[in-house]
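Reading through the structure tokens given below for one structure.
Just follow the structure's listing: the first ligand is 1, and inside any ligand the first atom is 1.
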Amino acid sequence: MSIRILPDEVASQIAAGEVVERPVSVVKELVENSIDAGARSIQISVIEAGRRTIEVADNGEGIAPSELTLAVARHATSKLREVADLHRIHSLGFRGEALASIGSVSRMTITSRSRDHNEGSQLVVEGGHIGNLRPVSAAQGTVIQVENLFFNVPARLKFLKSDTTEKKNIDAFVTRYAIAYPYLRFGFEQDGRMGLKTSGSGDQREILGLLYDASLARQMLEIDADYDGMRVRGYVSPTSETRGNRSAITFFVNGRWIRDNALNAALIQAYHGMLMVGRYPIVFLFIDLSPDQVDINVHPTKSEVRFQDPGALFSAVQRAVKRGLLAFTPVPQLSGPPRWTRPTGEWESGSAPNALQANSMAMDIEQGGSQPAATHRDPYAASLDTPMMSSFPLLRLIGQIGNAFLVAEGPDGLYLIDQHAAHERVLYERMMNERQDGIASQVLLEPAVIQLSPEEARMLDEQLPTLKSLGFEVEAFGPYLFRVRAVPAAVVGADPAQALRVVIGDFEEDETPLTSELEARLIARICKRAAVKAGQALRVEEQKALLQGLEGCRAPRTCPHGRPTMIHISLDLLERQFGRKGAI
Ligand code: ADP
Ligand code: MG
């Protein structure tokens with residue numbers, strides 16, 4: 001074949017493959033255009049997961065009739081003139097590709113009236129063929145309707161995921177932009193049903209409340225910090241609110257939703273030691289920096305960017321979030337904020353601690369007067385970068401209270417132990433230790449049968465080898481039916497079907513974490529489920545066994561999520577409280 005320049009139509013279709021991968025890509029490009037056009041209101045309607053219709057209507061500045069045909073041509077943009085503009089770009093678009101790409105793989109109708117025209121105009125592009133411009137009456141702004149997406153690209157159609165997944169992607173996109181642009185009024189319906197509707201009041205917390213429940217929205221901690229012209233603001237969840245995967249972590253850079261592993265890592269580091277293994281926070285961070293600090297022209301969809309100084313941004317994000325967390329993280333209160341002190345060293349197991357060590361390692365509860373709660377002294381400062389690891393004083397069991405806590409006496413006062421957190425820690429360390437030589441497994445007298453949804457069944461199938469290494473023996477014996485023959489010894493007594501469900505419950509569809517990380521996560525999750533609950537009466541032997549188990553732990557003072565397993569009330573505090581000390 002001789003070399004030829006491809007006809008524009010063919011070139012557009014090839015280019016479209018990069019920009020318009022799936023229905024959500026169309027929604028994204030259209031919404032971004034509306035934002036660039038200065039719209040105050042953006043109404044989105046999607047039918048059949050976008051396969052049939054995607055419509056975006058805005059009240060932005062509109063397109064003049066004389067420019068409408070140009071707008072759908074390839075590399076036609078009003079946002080950029082020369083290469084240098086790329087470094088000072090403030091608009092979301094600039095490649096001039098979206099409308100041409102969408103028009104080449106669908107039937108696209110653009111209706112628009114520009115601010116300084118009395119009449120609107122309309123243009124239809126079908127499979128790349130541009131129709132004739134015709135005058136229509138229209139309100140100011142632009143309505144773009146995209147029908148029969150990929151009708152001429154059967155390969156793409158086949159490649160689409162289930163409607164549920166495509167709808168979920170569109171949902172995820174629209175909700176994030178609604179939060180990122182709180183001054184715009186978003187309306188969003190799928191298949192005629194109104195989904196999200198925002199007021200444009202500018203109140204991001206209000207929108208968070210629409211998306212999550214109101215109480216979570218209230219609890220989200222506000223972040224706002226500026227480091228050398230890098231502004232990091234947004235919302236992060238308190239350590240008590242987590243998810244089983246990273247999908248609730250969102251970054252916007254200069255108004256664009258982006259994905260960036262390094263930023264994820266910075267965030268996770270900021271939470272270090274405060275979250276259970278395998279749990280992730282809910283986060284919306286909006287990062288603004290000078291456009292010349294970030295290269296957005298890395299990928300046609302602009303969802304990946306490159307930073308001039310990634311290290312500086314990494315530390316800005318980490319510091320901003322850490323600071324926000326420490327300022328707000330509630331700490332267990334008795335008469336004042338408790339204080340964690342850094343462990344001075346490991347004790348020889350079995351040797352009784354001397355009073356001084358016990359003192360320095362204990363979580364002292366200070367008197368309210370000497371430590372006003374209002375000061376933002378951070379309780380985690382000392383232990384944030386090292387896991388809260390310390391040995392455990394020998395305790396004499398006194399008993400159980402409220403079917404939830406153990407009471408014990410230690411070298412320096414009273415210890416209250418959270419039975420659930422403590423048991424979680426004991427089980428977790430036991431299973432993690434056993435992991436090297438294979439986790440002990442116990443065959444069930446009667447195999448448990450569990451029925452799963454098709455998605456769950458697929459996930460379980462993928463995880464069978466991991467499950468085996470964790471001590472589960474599971475076999476498929478019908479469509480979506482599984483038989484559990486053996487469970488990890490630690491879980492014996494718990495409902496085996498339940499235990500298995502926890503393992504698959506939190507997985508994201510395309511998640512492929514490292515096996516060791518995956519295992520630690522699963523183990524933490526199994527232990528949480530298998531641990532005794534608050535409200536469970538324990539026999540004296542069980543109480544003793546729990547204390548003993550905790551004594552044998554490497555990090556007995558926290559559960560696997562980093563919450564304390566025990567509170568120490570020193571004799572000193574008791575004496576003060578009873579007015580024996582410090583009183584005149
Ligand atoms: P880009 O956004 O990269 O410039 P597009 O293909 O998305 O490229 O759009 C081409 C041009 O059409 C834009 O530069 C803009 O001038 C115009 N345009 C597209 N959508 C709208 C809209 N909703 N309102 C006003 N103008 C629009
Ligand atoms: Mg665009």
> Less than 6.0 Å separating the ring centroids of Phe252 and Tyr177?
Replying inline: yes

Is [X] touching ligand 1 with its side chain, its backbone, both, or neither, if touching means heavy atoms under 4.0 Å apart?
| X | value |
| --- | --- |
| Glu61 | neither |
| Leu99 | both |
| Ser78 | both |
| Ala39 | neither |
| Leu92 | neither |

> Looking at atom 25 (C) of ligand 1, what's its closest protein heavy atom, distance included?
Replying inline: Ala37 CB, 3.5 Å

>> Looking only at protein heavy atoms, which one is nearest to atom 10 (C) of ligand 1, and what is the separation?
In response: Ala76 O, 3.4 Å

> Restricting to pairs with a member in residues 56-70, which pass side-chain hydrogen bond (donor to acceptor under 3.5 Å, both in side chains), not counting sequence neighbours?
Replying inline: Ser34-Asp58

>> Regarding ligand 1, does Glu29 bring an N or O atom to under 3.5 Å of one of the ligand's N or O atoms?
In response: no

> Which protein N, O or S atoms lie under 2.8 Å from the Mg ion (ligand 2), given by chain and residue number?
Replying inline: Asn33 OD1

>> With the threshold set at under 4.0 angstrom, would you say Gly60 reaches ligand 1 through any of its heavy atoms?
In response: no

